[in-house]
Amino acid sequence: MISKTYAPQEIEAKWYQYWLDNQFFKSTPDEREPYTIVIPPPNVTGVLHMGHMLNNTIQDVLVRKARMEGKNACWVAGTDHASIATEAKVVAMLAERGISKKDLTRDEFLAYAWEWKEKYGGIILSQLRKIGASCDWDRTRFTMEPVLYDAVIDTFVDLYEKGKIYRGVRMVNWDPQGKTAVSDEEVITKEVQQKLVYIRYAIAGQPNEFITIATVRPETIMADAAIAVNPEDERYKHLHGKKAIIPLIDREIPIITDEYVTMDFGTGCLKVTPAHDPNDYALGIKHNLPVLDILNDDGTLNEKAQILIGQDRFAARKAVIKLLEEAGNLEKAEDYKSNVGFSERTNAVIEPKLSLQWFLKMEELAKPALENVMNDTIQLYPPKFKNMYRSWMENVHDWCISRQLWWGQRIPAFYMQDGTIIVARNKHEALEKVQHEKLLFAMTEADLTQDEDVLDTWFSSWLWPMSVFLPSGDPSDPKAGPNDLDYYYPTNDLVTAPEILFFWVARMIIAGYEYKGEAPFKNVYLTGIVRDKQGRKMSKSLGNSPDPLDLIDQYGADGVRTGMLFSSPAGNDLPFDEKLVEQGRNFSNKIWNAFRLVKGWTLEDAGKEDAGTENGGEREEKADLPLKWFEAKLNATLTQIEDDFSKFRISDALQAIYKLIWDDFCSQYLELIKPAFDTATGTAQPIDRATYEATINFFERLMCLAHPFMPFITEEIWQEIRERKHGESICVAPFPQPGAIDMSILTSFETLFEVISNVRNIRNAKQISPKTALPLSIKTSQPGPFQTLESLIQKMANVSSINYVDEKSGGLSFLIKGDEFFVDIAGEIDVEQELEATRKDLEYQIGFRESTLKKLSNERFVANAKPDVVDRERQKLADAEAKIQALEQRLQDLAL
RNA sequence: GGGAGUUUAGCUCAGCUGGUUCAGAGCAUCUGCCUUACAAGCAGAGGGUCGGGGGUUCGAACCCCUCAACUCCCA
């Protein structure tokens, strides 16, 4: 006995193991067309969240469909090493053991990092199996494994040799507690209540004259290089070219003019401190101002500050205010809210700090990457992201690629004692270079020191679509063979979040053109962000994200997958609601029960040798129309789904499948062919073999169609619905292809369903039990089409008899096109109510006829509109006229 | 400050090239049903000034202008 509700827990693990055992996800190059997706590598520290769930489900849908279409489908999995996140995890692990990073050498620390990675890293990859991800797991890569590491180093050396990489000073986000630079993404800005302090600077040579500036950082006045005013500002025109004196330290600085200064903020005078503010730094360069850095790495003041040396920046802030007050230079202090950056890791206030970093020149590299997105060689879905992409690529900044961390690819730059930089793949090659190019043969490796920094993690993931296909050199290693890069590159589709369109996608495109002369992928599908009901981004810290694995336990992987995709058009955010996965689960259950129904049927000729003759032939004819209709409906839907997929309308494709299965297959088709229940025997009547076979065939095709979305339940049913050999699977069954659509049967069934629906409506409105059969009369000039549908109408609408009449008949009526239908319900008719309804309908129809007539009598419409549009208008007019005539007749009849 | 996007039913969203009885779907709501596959279900119903205003057009949810609200990106 098959369970009444679908129980995914019992099924999912079984089939996933079966797929692995039979290597359905494995891909090696062959003569078939490849279909390739590389996974956006999640952090090795990551655990599965709702965003991954959405993103990877979409990838799985695409890959599974391609696999069923006979392509050599290859979905490469892997993780990236996530320098900062991983270092944080390792530092935490060490802290638990009472070890401090300070006390370790680089090599010791890295040994712990690998230990952490082996133990806890990549949990997410095993979680992906729970959602059914059909990755070729043998190909799983990691950005720090030797081959990928070397690729990063080679790339650095190559770009350096091409003159694209340079070392320069830049303002970075400095975390004085962690003593490292952090990227913009690791800075959390919060609004903070501060004091805006107004400070008077004396004008040099004019003891009684002052200029007042407003600042939230009074402790940095000692690093001031200038005071800037807007050149248009009348208040300060007399001071142009003069000098001001920094209070407390009495240093002279120039008063400069720049349009950058906002006249109505503060006093309209801006102190310029190039070493401690990014905007000021830019101003400093523009006006050639000196850079004076008064802070140590830990946020304390250094000797260049002249006063308060050794004090922390916040203590110094208070102290400076006090000193200014005493000196009479403090005009006032007012409350002021502003945004302050905090380190995601240490929560320390970020200090803009100048430091020596490595940069990649982007302008030239970005050109082909911009051009080929704008000309659609690479297509973004949805295309609205092209605008954003362009504005970024046209204003691209040089990429700061160094990070002050240990976990990552160490920058292959070696310094000679005099500071000369040698870039080479390793120390040995660096030494060779020194010896050959500089003829310094006495030099030894000990005379070279390697740069302490590592490369930005994106500097390895930008190579991902290429590096994952690099062979390891070991022929027994299944990761990648010697020809894999040629075979799989360029990949087909990339599925990722718009947030990293610049950080990652653009850079992959750049690397692709630089190293392969070709884009890394053809299509980029950008998913939305999964949000909670209040529209907040789901995050661990807010605790507003359900655990996807819990959801899978509750609703089944198929339920969660479809639930997520029901409402996720490309690029739009997905407001998550558990109702969605509930709907997904209900869909699974619906399919399951349809399967139970079909499985429960007994064959009419069971046990007989000569199947499907005589008696069977007659029934076959009866079911003939529903079969033809569903075939047509299936073909129409398949055509539409192909179109949806071609435009990456994944959600639309799913909804089409949902409706096809639930509404068309279950509610209509199955009900039409369902054998009657025999109350005498207490069993369902048997079904003829032809109908049964056709139904099984439909079911099988529907399962194949739904498989990319719902891999588990479709496999379970596919395996049960026919006898299968071991090693067969729906994973590699052919994806249904659309055939010709029989439009005429679709049209005639539309009428059929309309009749059924109208009869049911009358029954409902009059509160008549569905068990009571009602008589139906049809007033039509063409009874033919209805006669062929009679048995279906009777079955679906519970109609006792069908008569064709010339005159009006008793009872309630409804109109379809020009034909009038009567359901005779004795004593149930409220003539007034009927008159009212009929008048209303008539009024609407007349209005409708008017608007159609207006269109058709407009010469410009007939002349300008496409012929089929005009034809449709004429058809509408004809239908309306027939209806009006029937309604008028009806009014007369009722009035009698 | 610069740029982009969004605004359609109570909620979440479709509406693709301006033209079908085009104002849709799902959820939610309401009514009636435990009808021998499914109450995680079945059969029905109600619900909208397409953000406001103006314009182009034979015809506008769709194109243009303008105003408003919200969101994101860059600074």
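Reminder, nothing fancy here: chain letters follow the sequence lines and each chain counts from 1. Just so you know, these numbers use all the heavy atoms, side chains as well, and skip hydrogens, waters and symmetry mates.
For B/U20 and B/U66, the C1' atoms lie 33 Å apart once the distance is rounded to whole Å.
Nearest nucleotide to the A/Asn593 side chain, out of B/C16, B/A39, B/A37: B/A37. Distance from the side chain of A/Asn764 is smallest to B/G44 among B/C42, B/C33, B/G44. The side chain of A/Pro770 has B/U35 as its nearest neighbour among B/U35, B/G41, B/A28. Across B/C16, B/C38, B/C73, the shortest atom-to-atom separation from the side chain of A/Phe502 is found for B/C73. Looking at the side chain of A/Lys590, the nearest of the listed nucleotides B/C42, B/C16, B/C27 is B/C42.
Rounded to an integer number of Å, the gap from A/Tyr389 OH to B/G3 P is 22 Å.
Between the base of B/A37 and the side chain of A/Glu671 there is a donor-acceptor pair shorter than 3.5 Å. Between the base of B/C11 and the side chain of A/Lys579 there is no donor-acceptor pair shorter than 3.5 Å.
With the nearest nucleotide of RNA chain B identified for both A/Asn279 and A/Asn387, A/Asn387 has the one nearer the 5' end. Comparing A/Asp644 and A/Ser667, the nucleotide of RNA chain B nearest to each residue sits closer to the 5' end for A/Asp644.
Within 4.0 Å of A/Lys659, counting heavy atoms only, lie sugar-phosphate atoms of the nucleic acid but no base atom. Within the 4.0 angstrom heavy-atom criterion, only backbone atoms of the sugar-phosphate kind lie near A/Ser757; the bases stay farther away.
Residue A/Lys766 places no side-chain N or O under 4.0 Å from the OP1 or OP2 atom of B/G32.
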